[in-house]
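I have placed the structure first, in the form of structure tokens, so that the comments after it can refer back to it.
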Amino acid sequence: MRSWLESSAHAKVGQNLKYDSHIFANYGITLGGIQFDTLLESYVLESHLPHNMDSLAERHLGVKTIRYEEVCGKGVHQIGFDQVDLKIATDYAAEDADITLRLHLELWPQIQASSGLLYVYEQIEMPAMRVLGIMERNGIRIDSALLAKQGQQVGKRLLELEGEIHKLAGQPFNIQSPKQIAEILFGQLELPVIKKTPSGAPSTDEEVLQKLAEDYPLPARILDYRSLAKLMSTYIEKLPRMADPKTSRVHTNFSQATAVTGRLASSDPNLQNIPVRTEEGRRIREAFIPADGCKLLSADYSQIELRIMAHIAEDENLLEAFNTGKDVHQATAAEIFGVPLDDVSSEQRRYAKVINFGLIYGMSAFGLAGNLGIERSAAQNYIAKYFDRYPGVAQYMERTRVEARENGYVETVFGRRLWLPEIKGSNGPRRQGAERAAINAPMQGTAADLIKLAMIAVENWIEKEQLKTRMLLQVHDELVFDVPLDEIDLLKEKLPGLMCTVADLKVPLLVSIGIGDNWEEAH
DNA sequence: CATGTCACG
DNA sequence: ACGTACGTGACATGA
């Protein structure tokens with residue numbers, strides 16, 4: 001079937017063709033003529049609903065399909081598809097093809113009915129699928145020996161901490177069990193309960209232990225233990241096991257239809273949550289290394305969501321800050337605290353930064369107060385002051401709430417839709433949650449659109465110029481590449497321009513580049 | 001399988 | 001009286 005499979009003249013429709021393309025690629029076949037993908041059609045139409053074929057068939061066709069689990073079983077009892085009785089396997093496979101075509105005939109006209117959705121589907125999601133397949137196949141090289149060395153050190157430290165913790169507690173217990181920690185802290189030692197989990201149990205999360213650590217020695221040790229145990233099990237031990245033994249490369253799965261806002265999700269392993277915020281954690285990044293003869297190059301958009309907020313809100317003051325190249329947090333601090341730009345203290349800038357982040361998330365006075373450790377009334381004053389100085393932003397927030405209520409959805413700059421079924425609901429907290437999501441989605445979603453457009457433009461450029469540079473990872477506002485030494489100057493010169501010109505916004509986009517012999521150095 | 005926790009943007 | 005900043009994925013525990 002190779003000639004038909006590879007032919008661009010023979011159009012194909014499938015459900016999750018990125019997967020099928022990988023299977024064919026394993027046999028040296030480049031799947032061509034990929035015209036439609038029902039997974040992405042469903043995602044563009046209704047990102048908030050399930051996109052598996054069983055759900056789609058029921059929702060759009062009213063058909064109950066043969067489920068994969070019915071054919072192969074599940075869990076430890078699951079058998080390979082090649083073990084399935086031929087008649088059963090045939091029925092399943094034939095239905096799969098039939099349903100896919102019928103779904104496409106149903107979904108495609110719905111996308112064509114909206115120019116915005118059509119743009120997102122044809123110009124963003126379909127071409128992005130190809131780029132993501134390439135990135136997944138590229139993988140990124142892991143230094144397993146370095147992780148093994150770190151594992152020795154961290155393992156030793158964990159044993160020491162375990163001893164100290166059991167001594168302070170007066171008895172041995174499982175430090176990895178929140179329930180047992182609670183028994184020790186709040187039962188045996190009678191420390192105050194700071195907050196409870198959703199199920200009503202006393203919480204032992206980081207915020208609680210930080211608070212208790214002000215007065216007692218044990219919680220601080222538990223925090224140290226927790227953070228090291230997390231690094232150990234999730235990264236230090238896991239990554240080497242996920243690496244291809246022949247190439248030392250790990251190949252994540254970029255899920256294109258998981259995040260409701262249009263962002264990607266990364267899994268098995270998740271390479272979008274590699275530690276960076278603490279020094280201990282950053283050492284993990286030293287184990288992400290370039291291919292032989294290459295450097296790792298990281299290119300990230302600076303403050304992309306705030307820039308998008310300025311663009312969408314058309315706030316003159318905020319636009320001016322970006323258009324004149326100001327440090328936006330410093331500029332915000334100057335406005336809120338009513339001081340000249342050069343007199344802004346580092347503390348004032350820190351406050352402004354928290355407020356700027358809060359705005360993107362549709363913050364409440366309560367949330368801001370909790371984050372800054374101040375009174376709710378003080379937080380409310382900061383918010384009022386901000387909206388006074390940036391009235392365009394205040395209007396945008398209100399406009400978005402109204403739009404969400406009237407349409408039941410909000411849109412990104414490029415026309416991606418995020419549906420908010422709970423925006424008119426009678427459940428107060430859930431409705432308010434939907435309002436915050438409505439405010440956040442256009443910014444997070446537009447940023448996701450922009451970086452996908454950038455990935456498509458950059459990959460096309462790499463191929464046109466026949467470069468050996470390889471795109472490896474996307475982390476929401478960052479792209480990571482393997483770059484041969486003799487292409488580094490070219491990338492430094494061309495990449496920021498490519499990434500910044502994929503759209504013409506009312507603010508400039510800014511990309512900063514780092515280069516190094518591991519991801520930590522490059523970041 | 002639910003829960004709690006914690007890693008990222 | 002309650003909950004309270006958006007979006008994710010993975011791990012360990014314990015029923």
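So that the names make sense, note that chain A is the first sequence line, chain B the second, and so on, each numbered from 1. Reckoned from all heavy atoms, side chains included, excluding hydrogens, waters and symmetry mates. Please read these numbers as outputs of a predicted model, since none were measured by experiment.
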Categorize [X] for me: base, sugar-phosphate, or nothing, with a 4.0 angstrom heavy-atom threshold over every strand shown.
X: A/R376; answer: base
X: A/I439; answer: nothing
X: A/Q444; answer: base
X: A/P275; answer: sugar-phosphate
X: A/Q180; answer: sugar-phosphate
X: A/V354; answer: base

Here's a test for you: under side-chain contact (heavy atoms from CB on, under 4.5 Å), which of A/I304, A/I439, A/L318, A/D315 qualifies with A/M309? A/L318
Under 4.0 Å from OP1 or OP2 of [N]: is there any side-chain N or O of [X] that close?
X: A/R226; N: B/dG4; answer: no
X: A/R436; N: C/dC6; answer: yes
X: A/S177; N: C/dG14; answer: yes
X: A/N174; N: C/dT13; answer: yes
X: A/T204; N: B/dT5; answer: yes
X: A/Q474; N: B/dG9; answer: no
X: A/T197; N: B/dG4; answer: yes
X: A/K238; N: C/dC11; answer: yes
X: A/S203; N: B/dT5; answer: yes
X: A/S199; N: B/dG4; answer: yes

Whole angstrom is fine here: how far is it from [atom1] in [X] over to [atom2] in [N]?
X: A/I175; N: C/dC11; atom1: CD1; atom2: P; value: 20 Å
X: A/Y225; N: C/dA12; atom1: OH; atom2: P; value: 11 Å
X: A/L228; N: C/dA12; atom1: CG; atom2: P; value: 15 Å
X: A/M363; N: C/dG7; atom1: CE; atom2: C1'; value: 18 Å
X: A/E280; N: B/dC6; atom1: CD; atom2: P; value: 16 Å
X: A/L418; N: C/dT8; atom1: CG; atom2: P; value: 9 Å
X: A/H476; N: C/dG7; atom1: NE2; atom2: C1'; value: 8 Å
X: A/I284; N: C/dA10; atom1: CD1; atom2: P; value: 16 Å

Measure from the side chain of [X], starting at C-beta and using heavy atoms only, and say which of [options] lies closest.
X: A/T261; options: C/dA5, C/dG7, C/dT4; result: C/dG7
X: A/P178; options: B/dG4, B/dG9, C/dT4; result: B/dG4
X: A/Q176; options: C/dG14, C/dA12, C/dG9; result: C/dA12
X: A/N270; options: B/dC8, C/dC6, C/dG9; result: C/dG9
X: A/R277; options: B/dG9, C/dA5, C/dG9; result: B/dG9
X: A/S233; options: C/dG9, C/dA12, B/dG9; result: C/dA12
X: A/A437; options: C/dT8, C/dG7, B/dC6; result: C/dG7
X: A/V276; options: B/dA7, C/dT8, B/dG9; result: B/dG9

Is the shortest heavy-atom distance from the side chain of A/L297 to the side chain of A/L495 under 4.5 Å?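 Contact flag for A/L297/A/L495 side chains = yes.
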Tell me, do A/N356 and A/H329 make a side-chain contact under 4.5 Å, heavy atoms counted? yes
Which atom pairs, donor and acceptor, lie under 3.5 Å between side-chain atoms of residues 397-419 of chain A and protein residues at least two apart or in another chain?
from, atom 1, to, atom 2, distance (Å)
A/R399, NH2, A/I312, O, 3.4
A/T400, OG1, A/Y396, O, 2.7
A/R401, NE, A/E435, OE1, 3.4
A/R405, NH1, A/E435, OE2, 3.4
A/T412, OG1, A/F414, N, 3.3
A/T412, OG1, A/G415, N, 3.4
A/T412, OG1, A/R416, N, 3.0
A/T412, OG1, A/D449, OD2, 2.7
A/R416, NE, A/D449, OD1, 2.8
A/R416, NH1, A/E125, OE2, 2.9
A/R416, NH2, A/E125, OE2, 2.6
A/R416, NH2, A/D449, OD1, 2.8
A/W419, NE1, A/L45, O, 3.1

Counterpart residues, ring pair (Phe, Tyr, Trp, His ring centres under 6.0 Å), relative to A/H51 (two or more places apart):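 Residues passing ring pair (Phe, Tyr, Trp, His ring centres under 6.0 Å) with A/H51: A/Y43.
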Under a 4.0 Å threshold between the charged nitrogen and the carboxylate oxygen, would [Y] count as salt-bridged to [X]?
X: A/R141; Y: A/D482; value: no
X: A/D205; Y: A/K195; value: yes
X: A/E520; Y: A/R285; value: no

Considering only atom [atom1], compute the distance from [N] to [M] and round it to an integer number of Å.
N: C/dA5; M: B/dC1; atom1: P; result: 30 Å
N: C/dT4; M: B/dG4; atom1: P; result: 13 Å
N: B/dT5; M: C/dA1; atom1: C1'; result: 27 Å

Give a yes or no on this: more than 12 heavy atoms of other residues, nucleotides or ligands lie within 6.0 Å of atom NZ of A/K149. no
I'd like to know whether the aromatic ring centres of A/Y382 and A/F337 sit less than 6.0 Å apart in this structure. yes
A/N440 vs A/Q432, nearer the 5' end of DNA chain C by closest nucleotide: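 Upstream on the strand: A/Q432.
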Could you measure the distance from the CG atom of A/L218 to the CG atom of A/L212? Nearest 0.5 Å is fine.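 CG of A/L212 is found 9.5 Å from CG of A/L218.
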So, does the side chain of [X] form a donor-acceptor pair with the base of [N] at under 3.5 Å?
X: A/D268; N: C/dA10; value: no
X: A/K230; N: B/dC6; value: yes
X: A/Q272; N: B/dC8; value: no

Duplex segments of DNA chain C, taken as runs of at least three Watson-Crick or G-U pairs that stay under 3.5 Å: B:1-9 with C:6-14
